[in-house]
Chemist: 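The structure follows.
As the structure is a computational prediction, the values presented were derived from the model and not from experiment.
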Amino acid sequence: MQCALCRIKECVKGKNCSVIRYGLGYTGDNLKSIQISAWLESDGMKRTKLEEIAIYAKRLGYTKIGIAFCIEYEREAKLVYEILSRYFEVFSVCCKVCSFEKASLGIKKSEDQEFEAVCNPIGQAQLLNDDLTNLNIMLGLKTGYDILFAKYSEAPAITLPIEELPQLAYPKIDVIE
């Protein structure tokens, strides 16, 4: 497939230009997920990504949300935690959890320090797995760390863009029922 290069995009008019059958895999929880996603897409109301995530999670019946965040974004993680904890049980884990020494993993230290901790995305995932989260939000995880976190997270994982967070001074998560 080379959809990025296609100029016609007949798929929006119903043409199936692939070998995938229509409706493949959309039953049970997958069907409910795509129905909620399609509603969010077509609703026409302008929402932040965090509002969309909260509405999506609530409508799927999720009760536990995890936040895996980069320690550089501790303030933003706290804000997201405070907002989501109005609606969910929220767990959060910073990237430096368990405090592995960079040198112990064969990674050269970037600063002249006795101990320099490396991020631990697998540890973050394992701790949120232990909390039995239904959905995990990645906040500011660097490239590669986010990939490892998503790989080891038992719950679905989604990235919340840091760029959106300044808008959250007065969040308005409505339509949560």
Chemist: More than 12 heavy atoms of other residues, nucleotides or ligands under 6.0 Å from CZ of Phe91: is that the case?
Modeler: yes
Chemist: Is a side-chain donor or acceptor of Asn129 paired with a backbone partner of Ala125 at a separation under 3.5 angstrom?
Modeler: yes
Chemist: Tell me whether the count of non-hydrogen atoms from other residues, nucleotides or ligands lying under 6.0 Å of NZ in Lys142 goes above 12.
Modeler: yes
Chemist: Counting only heavy atoms from other residues, nucleotides and ligands, does the tally under 6.0 Å from CG of Asp130 exceed 12?
Modeler: yes
Chemist: Checking Thr159 side chain against Pro161 main chain: does a donor-acceptor pair fall under 3.5 Å?
Modeler: no
Chemist: Give a yes or no on this: more than 12 heavy atoms of other residues, nucleotides or ligands lie within 6.0 Å of atom CD of Glu74.
Modeler: no
Chemist: Whether the side chain of Glu82 engages the backbone of Leu79 through a donor-acceptor N/O pair (distance < 3.5 Å, no angle test) should be reported.
Modeler: no
Chemist: Taking the six-membered ring of Phe88 as reference, does the NZ or CZ atom of Lys58 fall below 6.0 Å from its centre and within a 45° cone about the axis?
Modeler: yes
Chemist: Of all the heavy-atom pairs spanning Lys9 and Cys3, show the shortest one and how long it is.
Modeler: NZ-O, 2.7 Å
Chemist: Please report the shortest heavy-atom distance between Glu52 and Arg47, naming the atom on each side.
Modeler: CG-CB, 4.1 Å
Chemist: At their closest point, which heavy atom of Lys96 faces which heavy atom of Ala117, and how far apart are they?
Modeler: NZ-O, 3.1 Å
Chemist: Within this structure, what is the CD-CG distance for the pair Glu154 and Asp131, rounded to the nearest 0.5 Å?
Modeler: 11.5 Å
Chemist: Starting at CG of Leu139, measure out to CD1 of Ile158 and round the result to the nearest 0.5 Å.
Modeler: 12.0 Å
Chemist: How many angstroms lie between atom CD of Glu72 and atom CG of Leu141, to the nearest 0.5 angstrom?
Modeler: 10.5 Å
Chemist: Hey, could you give me the OG/NZ distance between Ser37 and Lys32, rounded to the nearest 0.5 Å?
Modeler: 12.0 Å
Chemist: If only side-chain N and O atoms count, and only distance matters, is there a donor-acceptor pair under 3.5 Å linking Tyr56 with Ser33?
Modeler: yes
Chemist: One pair to check against side chain to side chain contact (heavy atoms under 4.5 Å, CB included): Ile67 and Val93. What are the steps and the verdict?
Modeler: CA-CA 6 Å; Ile67 303 171; Val93 184; over 6 Å; no
Chemist: Give a yes or no on whether the backbone of Asn134 and the side-chain of Lys64 come within a donor-acceptor separation of less than 3.5 Å.
Modeler: no
Chemist: For Glu89 and Thr63, indicate whether the former's side chain and the latter's backbone hold a donor-acceptor pair under 3.5 Å.
Modeler: no
Chemist: Distance from Ile55 atom CD1 to Ile36 atom CD1, nearest 0.5 Å?
Modeler: 10.5 Å
Chemist: When you compare the side chains of Thr133 and Asn136, does any donor N or O come within less than 3.5 Å of an acceptor on the partner?
Modeler: yes
Chemist: So which heavy atom on Asn120 is nearest to which on Val97, and how close?
Modeler: ND2-O, 3.2 Å
Chemist: Could you measure the distance from the SG atom of Cys119 to the CG atom of Asp146? Nearest 0.5 Å is fine.
Modeler: 11.0 Å
Chemist: Return the minimal non-hydrogen interatomic distance between Pro121 and Phe149, and the atom names on each side.
Modeler: O-CD1, 3.6 Å
